[in-house]
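Some notes on the structure that comes next.
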Amino acid sequence: MFSCSLAMLVYIALSKDGQYGNHYYAGSGKMVSKTIKGELVTTLNNVVIAKEPEDYNTALNLASSRKFDYLVYPTVLHWEDRATEWSAKADKVKVKIVVVDVKSGSVVKSGIIEGKSGLATFGGDKPQDLLPKPTKEFLSSML
């Protein structure tokens, strides 16, 4: 879906941080955007992450005014970091990703990626550790 030009410009919006109940996970939105960037830079040279969270229209307008080709707009829907090894409750993450062709404003791809840790993690997994594989799968058809 992405044109394979290395000169293509991609703007990744920064999601608001995730939460579970009353607990907010500071920096989780940035972790999501960094995971997306990490996958895109394997194929593309010009990938930029927003400095602060923006609503969809603001991100699209900014991407357009700065002549980006695509906007990747992630939204953390669920972020749950548990002491799995003690509670037997899995870490969970759910992120909606929308990819937009900035010039036309049309959605190129949209979907939800999810991850869930196993119960025998011995403290190793965190929600951000569950993102790379589904992110790669989501973006692979586009690269």
Side-chain angles (χ1 to χ4, degrees), residues 1-21 23-85 87 89-143:
M1 296 280 179
F2 285 131
S3 62
C4 289
S5 167
L6 292 175
M8 182 177 53
L9 294 169
V10 177
Y11 181 69
I12 303 171
L14 189 62
S15 176
K16 291 182 181 176
D17 289 332
Q19 70 179 77
Y20 179 69
H23 188 84
Y24 288 85
Y25 293 97
S28 57
K30 188 174 230 175
M31 289 180 225
V32 168
S33 293
K34 282 184 171 185
T35 300
I36 293 168
K37 181 178 181 179
E39 186 58 37
L40 291 176
V41 298
T42 63
T43 306
L44 306 172
N45 290 333
N46 299 303
V47 181
V48 176
I49 297 176
K51 295 189 186 317
E52 59 187 56
E54 303 155 327
D55 65 48
Y56 179 82
N57 289 329
T58 301
L60 185 56
N61 289 335
L62 188 138
S64 178
S65 71
R66 295 192 180 161
K67 308 292 186 217
F68 282 91
D69 298 299
Y70 291 93
L71 165 66
V72 179
Y73 193 84
T75 304
V76 176
L77 301 174
H78 187 87
W79 193 278
E80 189 174 348
D81 187 9
R82 299 295 204 137
T84 302
E85 65 279 6
S87 68
K89 294 181 180 178
D91 296 320
K92 298 176 188 172
V93 64
K94 182 188 263 189
V95 177
K96 178 180 178 183
I97 301 175
V98 179
V99 180
V100 181
D101 179 316
V102 173
K103 287 180 183 160
S104 69
S106 62
V107 173
V108 175
K109 185 170 184 174
S110 179
I112 294 175
I113 62 169
E114 296 184 74
K116 183 177 178 181
S117 69
L119 296 180
T121 65
F122 303 109
D125 285 342
K126 298 279 184 198
Q128 61 269 26
D129 300 330
L130 307 173
L131 290 170
K133 184 178 179 185
T135 299
K136 182 176 185 151
E137 291 170 0
F138 178 84
L139 293 172
S140 67
S141 66
M142 303 183 72
L143 298 172

Problem set entry | Sequence-distant partners of Lys103, side chain to side chain contact (heavy atoms under 4.5 Å, CB included), two or more places apart | Asp69, Asp101
For this session: Taking Ser64 for its side chain and Leu60 for its backbone only, find out whether a donor-acceptor pair lies under 3.5 Å.
Result: no
Exercise. Which heavy atom of Phe138 sits nearest a heavy atom of Gly111, and at what distance?
Worked result: CE1-N, 3.6 Å
Seminar exercise, completed: Hits for side chain to side chain contact (heavy atoms under 4.5 Å, CB included) against Glu137, two or more places apart or cross-chain, chain-then-number order -> Lys133
Problem set entry | Nearest atoms (heavy-atom pairs only) where Leu44 meets Met8 | CD2-CE, 3.4 Å
Problem set entry | Partner set under side chain to side chain donor-acceptor pair (under 3.5 Å) for Ser106, not counting sequence neighbours | Ser104
Problem set entry | Test item: Pro74 and Ile36 side chains (from C-beta on) under 4.5 Å apart, heavy atoms | yes
Exercise. Got a second to check how far Leu9's CG is from Asn45's CG, nearest 0.5 Å?
Worked result: 10.5 Å
Seminar exercise, completed: With sequence neighbours left out, the residues meeting side chain to side chain contact (heavy atoms under 4.5 Å, CB included) with Lys34 are Lys30, Ile49
Problem set entry | Which residues share a side chain to side chain contact (heavy atoms under 4.5 Å, CB included) with Pro134, sequence neighbours left out | Ile113
Exercise. Less than 4.5 Å apart, any side-chain heavy atom of Tyr11 and any of Val102?
Worked result: no
Exercise. With side chains defined as the heavy atoms from C-beta onward, is the minimum distance between Asp17 and Val76 less than 4.5 Å?
Worked result: no
Problem set entry | Closest non-hydrogen atom pair, Lys94 against Ile112 | CG-CG2, 3.4 Å
Exercise. How long is the gap from OG on Ser15 to CG on Leu77, to the nearest 0.5 Å?
Worked result: 8.0 Å
Exercise. Hey, does Ser110 have a side-chain heavy atom less than 4.5 Å from the side chain of Lys96?
Worked result: yes
For this session: Could you grab the distance from atom CG of Leu62 to atom CZ of Phe68, nearest 0.5 Å is fine?
Result: 7.0 Å
For this session: Answer yes or no: is there a donor N or O on one side and an acceptor on the other, between the side chain of Ser33 and the main chain of Ile12, under 3.5 Å?
Result: no
For this session: Provide the closest heavy-atom pair for Thr135 versus Glu39 in the form atom of the first, atom of the second, distance.
Result: CG2-CB, 4.4 Å
Exercise. How would you list all residue pairs meeting ring-ring contact (aromatic ring centres under 6.0 Å, His included) that involve residues 35-63, not counting sequence neighbours?
Worked result: Tyr56-Tyr73
